[in-house]
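Read the structure below first, then the notes.
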Amino acid sequence: MSFRDAEWNGAFNFKGKLDFLTNCIKKTKGDLTQRLCTAAEIKFYFTSFFENSLTSANYLRLNRNCNLTSWASGCEPGWGCSVNENQKADLKNTKDMPARTRDCQPCCEGFFCPQGITCMIPCPLGSYCPEGKLNKTLGVCEPYRYQLPPGQPNHTCGGADIWADVTSSDEIFCSPGSYCPTTIKKIPCSSGHYCRTGSTAERMCFKLTTCNANTANQNIHAYGIMLLVALSLLMLVIYNCSDQVLSTRERKAAKSREAAARHARETAQARERWKSAKNVAKKGAVGLSQQLSRTFSRRKSLKLQDPPKLPGQSKAETSSDLLPPPPSASAASGNKKEPSALAKALHAIDDDPESQEGFHINIGDKNIKKQMPKGKQLHTHSQIFKYAYGQIEKEKAQQDKNLTFSGIISMATDDNVKKRPVIEVAFKDLTITLKGKNKHLLRCVSGKIMPGRVSAVMGPSGAGKTTFLSALAGKTTGCYKTGSILINGKDEPIQSYSKIIGFVPQDDIVHGNLTVEENLRFNARCRLAAEMPKPDKVLVVERVIESLGLQAVRDSLVGTVEKRGISGGQRKRVNVGIEMVMEPSLLILDEPTSGLDSSSSQLLLRALRREALEGVNICMVVHQPSYALFKMFDDLILLAKGGLTAYHGSVKKVEEYFAGLGINVPERINPPDYFIDILEGIVKPEAPITHQQLPVRWMLHNGYAVPHDMLQLAEGLGASSSASMSNETTIHGSEQSFAGDLWQDLKFTVGQKRDNLLHNFISSTDLSNRQTAGISRQYRYFLGRVTKQRLREARIQLVDYLILLLAGACLGTLAKVQDETFGALGYTYTVIAVSLLCKISALRSFSLEKLIYKRESSAGISSLAYFLSKDTIDHFNTVIKPLVYLSMFFFFNNPRSSFQDNYMVLVCLVYSVTGIAYIFAIFLEPSPAQLWSVLLPVVLTLIASQDKDAAVAKHFAKYCYTKWALEAFVIANAEK
């Protein structure tokens with residue numbers, strides 16, 4: 001109600017402006033109330049007005065007073081009549097129109113009398129409604145442009161004849177450059193002020209603007225230019241200094257970390273020095289004691305004569321009897337001083353050489369171990385790093401005792417040694433067949449991989465190594481799977497253990513705009529147990545960085561294709577470390593050593609073997625390992641062409657097995673390379689066996705069933721024909737037509753999409769017994785990560801802002817404001833430009849991280865937390881980008897509406913187009929998403945700005961966000 005009252009008062013509050021009423025009462029001789037339109041006549045007029053707005057006609061429907069049989073002079077434009085005698089006009093009557101044909105005369109000033117109706121309506125404030133004057137040259141009544149009726153020489157020009165919106169008629173509005181304090185008075189705008197169309201008062205111009213007399217608008221381009229220069233300089237400074245915020249914080253953290261590491265090293269060195277000094281002191285003390293004993297014995301023997309030796313008495317007995325008795329313990333304790341604190345610390349180290357006492361805080365404090373904060377009590381970064389590095393140095397010192405990493409954590413928390421859950425994977429007759437094409441990717445694979453052992457999967461290209469790992473991890477889609485996979489002897493889905501299973505993909509899928517430590521720390525926070533204290537999580541990350549040899553590049557960005565970061569080998573190790581920090585029970589790696597040199601490969605494998613000491617089941621695909629690297633594996637799974645098993649067992653027995661088949665490895669030849677060459681068919685074995693028969697020999701060796709189509713190889717028949725068999729095993733069928741092949745391909749594509757959806761959205765019961773961080777905590781972690789990424793991408797953001805600044809300045813200059821259109825043209829350009837620029841930039845939120853998202857979501861990280869964090873950070877752009885664009889457009893265009901009104905509309909517009917861009921980025925590939933982001937706003941804006949004659953186009957325009965934005969802009973201008 002308040003908004004409606006404000007609108008009404010703004011148009012018809014004539015308080016203090018009643019001169020036109022006084023003049024009209026005098027002119028009509030007190031008959032004014034009988035000439036005003038009743039509620040029924042006003043309703044009739046405005047109803048006809050809105051009906052005629054769809055056409056170009058400006059006439060009313062026939063009514064009681066103006067029709068074919070009765071057309072009084074008051075029905076002409078600018079004229080009105082009074083009600084008939086003996087009748088009184090009821091202004092509140094909304095149903096009946098009174099008969100009004102008496103005493104017709106020109107409409108009073110300040111009123112308008114439309115054609116086809118015989119009453120008067122007050123002109124609203126902001127209009128100028130004087131009496132019309134006849135232009136004899138044109139034959140029209142100015143300024144209203146209506147003509148006198150023909151055949152009526154006594155008919156003169158009346159008052160105003162129409163009340164219309166400014167887009168269809170500006171006749172009764174106060175002209176630009178003037179203001180109308182009342183509806184019958186117009187005053188030219190003075191210098192230093194401006195007056196727009198329909199102004200009731202002149203407005204003072206801002207400083208630094210030019211406003212001459214009769215100015216309709218102020219020129220505020222100077223403010224726009226100054227703001228453009230200031231913002232450009234600010235963006236230039238931020239562009240060049242955007243990395244300083246994070247780099248300063250990283251340097252501070254690095255100093256704290258280095259101080260903690262140095263403290264831990266000094267502690268370990270001091271302990272070693274003390275051990276060495278103690279050993280030297282012990283040896284010196286023993287030697288001195290022996291020397292003193294010998295000297296004392298010689299002197300006593302010189303002073304005392306030897307007693308007569310009894311028969312059977314030995315020399316030792318005689319000497320011992322001559323020695324003086326030792327002092328009593330009570331006497332010694334009475335004369336001995338209390339040991340100092342330093343002595344107590346040294347004696348404590350003697351009793352427990354591995355203790356951490358004596359070198360951490362204050363030497364000699366006997367209660368130091370009780371006062372030392374536990375893992376859950378550490379809060380500051382310095383304490384956490386000291387805790388972590390102290391345990392790592394202790395781990396190094398205890399390597400000879402095979403101390404596991406879980407034991408390190410247990411020492412820090414005074415708990416029992418923690419054991420990871422054990423996962424043993426057994427598979428029998430595992431066969432993977434590609435849907436639609438009926439092609440075997442893996443066939444009749446049986447065996448098991450065990451905890452605490454490192455298994456290598458090898459074979460020639462196309463042998464199904466990656467498919468085998470994907471099948472074990474439950475990641476195969478678009479395929480039929482037969483056979484069984486047992487987890488710890490139970491038929492359970494592998495997805496139920498996803499929280500304790502690590503899968504390292506073949507490609508290095510890591511965040512290039514994060515540092516090595518940030519990549520590892522984020523995965524540790526999200527995937528380790530929620531109840532694990534923060535210091536222990538830091539310890540896990542530090543241990544992985546130490547074991548993978550990434551200390552030198554821990555604060556370096558991983559890098560992308562456009563921006564160089566760490567080396568390829570280091571990036572590969574980071575890819576592995578992402579899965580190691582979550583302490584998996586089953587770790588599956590797809591070619592982790594590809595692209596690494598021999599030393600880096602051995603470093604990586606040593607780290608994996610340390611993981612295996614804790615009971616981790618490790619299985620990895622390896623290409624061309626060196627002999628030293630090959631000997632570091634426990635088990636070997638050798639696959640042949642077609643996904644068949646040629647060997648599965650211990651690495652130590654593989655040469656013995658093939659030697660039993662007559663295949664001996666030549667000297668100076670790497671065994672795995674030689675076996676792979678044989679399976680590839682490059683090298684022909686000297687034994688009477690072909691490479692196609694090797695999988696069959698393995699089946700017969702272990703008593704496995706041989707498939708029917710391989711019985712010929714099992715019997716050793718048709719050597720020539722078997723040699724010509726295809727290396728790719730395919731289930732042959734009848735030949736199909738082109739249409740049949742097309743239909744099969746279509747079914748395969750649809751089935752693969754369905755499998756992907758089921759794989760992503762259908763969850764299994766969690767059997768891992770690990771409660772990771774909840775959605776709210778992961779949202780906080782994601783928020784921190786995305787904030788860092790945005791800060792490092794500040795230059796890209798600044799380029800977006802600069803483009804918006806230029807777009808606002810150019811469009812604001814080109815699209816001149818016209819009161820008749822309320823600046824609709826400029827706002828049309830605005831909707832298109834803002835939609836295009838904001839959609840393209842919003843695509844980057846999800847299009848560039850699809851592979852990373854798939855990896856993280858498959859590992860159990862919350863997709864909702866990921867989306868909410870991205871959307872939260874993008875709200876910054878939702879708020880800032882309209883401000884950036886409008887800061888230029890408003891000062892160069894100077895619309896009627898206020899800055900706040902335009903800003904609110906632009907915020908809603910940017911929010912809408914950002915949501916549409918999210919849909920494109922999530923469900924489409926990058927190229928189609930960009931195409932749709934460009935095409936959609938242009939097409940929708942054209943539909944919203946055109947006349948909709950067709951019913952379909954008119955209905956469709958109701959749901960266009962561009963139409964909503966344009967209407968909001970125009971309404972905001974019309975209200976002013």
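Residue indices begin at 1 and follow the sequence shown. The structure displayed is predicted, hence computed values, not measured ones.
Of the possible donor and acceptor atoms, none in the side chain of Ser178 sits under 3.5 Å from a partner among the backbone N and O of Cys174. For the pair Thr215 (side chain) and Cys211 (backbone), a donor-acceptor distance under 3.5 Å is absent. Using a distance-only test at 3.5 Å, with no hydrogens or angles considered, no donor-acceptor pair links the side chain of Tyr179 to the main chain of Arg203. Panel note: side chain Asn65, backbone Pro98; a donor-acceptor pair is recorded below 3.5 Å. Between the Arg100 side chain and the Gln34 main chain, a donor and an acceptor come within less than 3.5 Å of each other.
Under the salt bridge (Lys or Arg N to Asp or Glu O under 4.0 Å) criterion, Glu967 pairs with Lys963, not counting sequence neighbours. Residues satisfying the ring-ring contact (aromatic ring centres under 6.0 Å, His included) criterion with Phe14, sequence neighbours excluded, are Phe20.
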message = Test side-chain hydrogen bond (donor to acceptor under 3.5 Å, both in side chains) on Lys17 and Thr200; report intermediate values, then the result.
response = CA-CA 11 Å; Lys17 305 173 183 178; Thr200 58; 5.2 Å; no

request  = Show your reasoning for whether side-chain hydrogen bond (donor to acceptor under 3.5 Å, both in side chains) applies to Tyr885 and Thr830.
outcome  = CA-CA 9 Å; Tyr885 176 84; Thr830 294; 2.9 Å; yes

request  = Please test Arg844 against Asp800 for salt bridge (charged side-chain N to carboxylate O under 4.0 Å, His left out), starting from the C-alpha separation and ending with a verdict.
outcome  = CA-CA 12 Å; Arg844 294 195 297 263; Asp800 292 342; 2.4 Å; yes

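Atom NZ of Lys43 is separated from atom OG1 of Thr38 by 11.5 Å, given to the nearest 0.5 angstrom. From Asn877, atom CG reaches atom CD of Gln797 across 4.5 Å, with rounding to the nearest 0.5 Å. The distance from atom NZ of Lys881 to atom CD1 of Ile803, rounded to the nearest 0.5 Å, is 9.5 Å. Note that OH of Tyr959 is 14.5 Å distant from CG of Leu940, once rounded to the nearest 0.5 Å.
Side-chain contact between Trp932 and Ile916 is absent, with no heavy-atom pair separated by less than 4.5 Å. At a threshold of 4.5 Å between non-hydrogen side-chain atoms, the residues Met888 and Leu227 count as touching.
In the displayed structure, Met904 atom CE is contacted under 6.0 Å by at most 12 heavy atoms of other residues, nucleotides or ligands. Heavy atoms from other residues, nucleotides or ligands lying under 6.0 Å from CZ of Phe206 number 12 at most.
Minimum heavy-atom separation, Leu148 to Cys141: CD2-SG, 3.7 Å. For Lys870 against Phe846, the heavy-atom pair with the smallest separation is CB-CZ, 3.7 Å.
The aromatic rings of Tyr827 and Phe889 sit tilted relative to each other, their planes meeting at an angle between 30° and 60°.
Here ring pair (Phe, Tyr, Trp, His ring centres under 6.0 Å) pairs that include residues 78-110, with residues two or more places apart or in two chains, are Trp79-His155.
Contact check on Arg35 versus Asp31 returns a salt bridge, with a Lys/Arg side-chain nitrogen under 4.0 Å from an Asp/Glu carboxylate oxygen.
Checking Ser897 against Asn902 by side-chain atom types alone, a donor-acceptor pair falls below 3.5 Å.
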